[in-house]
Amino acid sequence: MTQAAFKIWRGDAQDGGFKDYSTTVTEGMVVLDALHQIQADSANDMAIRWNCKAGRCGSCSAEVNGSPRLTCMTRLSELPLDEPVTVEPMKTFPLIKDLVTDLSWNFEAKKRIKKFRPRPPDPDGRYRMAQDDVDRVQEFRKCIECFLCQDVCHVLREHHMEQEFIGPRFFVYVAALEMHPLDTENRLEELKRAEGIGLCNITKCCTKVCPEDIKITDNAIIPLKERVVDQFYDPIRRLFRVLRK
């Protein structure tokens, strides 16, 4: 057992700052364990969002030593304990209290995306899909909506372009729909204009923080960008559009 120091953000949208705490650390503990100990021993009113403590619900997202992470999956043995561990709320979203932020914008952004529209079934009433097509979108279904990718994305974090940009989490969602072998909806116009796919400059910061190791940039965002370019900027297609007029 060792004693570890923590600097935890306390406060609300009007006022707040880091406060110093100390707690005992034992083998196998994660940051969320330490937060719970501090909450029980010396900060009973500290607000923390969490649920499963197993890396499946995405609730306990925060910034640990400046990096967006799931506190339940961040082992203290991975962190330098010779200096205080800083824990603060996700900076991209409005602060409610302490480590809890308002994530409601994400659910509003999701409503802007056109829903799944399947093709008609085969003559026998069944839907048949090639296994390769199924496998292609399976990766996207691993998303636990922790919104760490949204938190780290500079378009949202630094430029606050929530009205023009849906963020990497929802590009993954759109990719899962667009690449679904049964889907017939066309979302490219919305991706280009209302959802801001062109604002992403593929720094891959979203991919780096994803706890499910989804290749957000390579497998979702870049293929969507390619589809938008083919649809709206391909010179041959542009020529045909001009000729139709």
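Just so it is clear, the structure is predicted and the values come from calculations on it, not from any experiment.
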Which heavy atom of Cys72 sits nearest a heavy atom of Ala54, and at what distance?
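Heavy atoms only, the tightest pair is SG-N, 4.0 Å.
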List the atom of Gly55, the atom of Ile144, and the distance in Å for their closest heavy-atom pair.
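Between these two residues, the closest heavy atoms are O-CD1, 3.6 Å.
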Would you say [X] and [Y] make side-chain contact, with heavy atoms under 4.5 Å?
X	Y	value
Thr71	Thr74	no
Cys153	Phe165	yes
Phe6	Gln37	no
Pro223	Glu178	no
Asn219	Glu139	yes
Thr217	Cys206	yes

Please collect all ring pair (Phe, Tyr, Trp, His ring centres under 6.0 Å) contacts where either partner lies in [range], sequence neighbours excluded, each pair once.
range	value
residues 195-220	none
residues 96-146	Phe107-Phe147, Phe116-His180
residues 24-55	His36-Trp50

My understanding is that only residues two or more places apart in sequence, or in another chain, count here; which of them pass side-chain hydrogen bond (donor to acceptor under 3.5 Å, both in side chains) with [X]?
X	answer
Asn51	none
Arg193	Glu189
His159	none
Asp135	Gln131

Look only at the side chain of [X] and the backbone of [Y], and say whether a donor-acceptor pair between them is shorter than 3.5 Å.
X	Y	value
Asp122	Asp124	no
Asn65	Thr86	yes
Gln150	Ile166	yes

Over 12 foreign heavy atoms within 6.0 Å of CZ, Arg112:
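Enclosed.
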So does Arg126 have more than 12 non-hydrogen atoms from other groups sitting under 6.0 Å from CZ?
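For Arg126, atom CZ is not crowded (no more than 12 foreign heavy atoms under 6.0 Å).
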So, using salt bridge (charged side-chain N to carboxylate O under 4.0 Å, His left out) as the criterion, who are the partners of [X] when residues are at least two apart?
X	value
Arg49	none
Lys53	Asp33
Lys19	none

To the nearest 0.5 Å, what is the distance between CG (Asp20) and CZ (Arg10)?
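Reported to 0.5 Å precision, the distance equals 12.5 Å.
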In Å and rounded to the nearest 0.5 Å, what is the CD to CG distance from Gln14 to Leu95?
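The CD atom of Gln14 sits 9.0 Å away from the CG atom of Leu95.
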Pairing residues for Gln138 by the side chain to side chain contact (heavy atoms under 4.5 Å, CB included) criterion, not counting sequence neighbours:
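With neighbours one apart ignored, the set is Val134, Arg141.
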Answer yes or no: is there an ion pair linking Arg56 with Glu212, defined by an N-O contact shorter than 4.0 Å?
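Salt bridge flag = yes for Glu212 with Arg56.
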N-O pairing of Lys91 and Asp151 below 4.0 Å
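Looking at Asp151 together with Lys91, the answer is no, because their closest N to O distance does not fall below 4.0 Å.
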Could you note down all residue pairs passing side-chain hydrogen bond (donor to acceptor under 3.5 Å, both in side chains) where residues 162-174 supplies at least one of them, sequence neighbours left out?
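As it turns out, the side-chain hydrogen bond (donor to acceptor under 3.5 Å, both in side chains) pairs with a partner in residues 162-174, which skip direct neighbours, are Glu145-Arg169.
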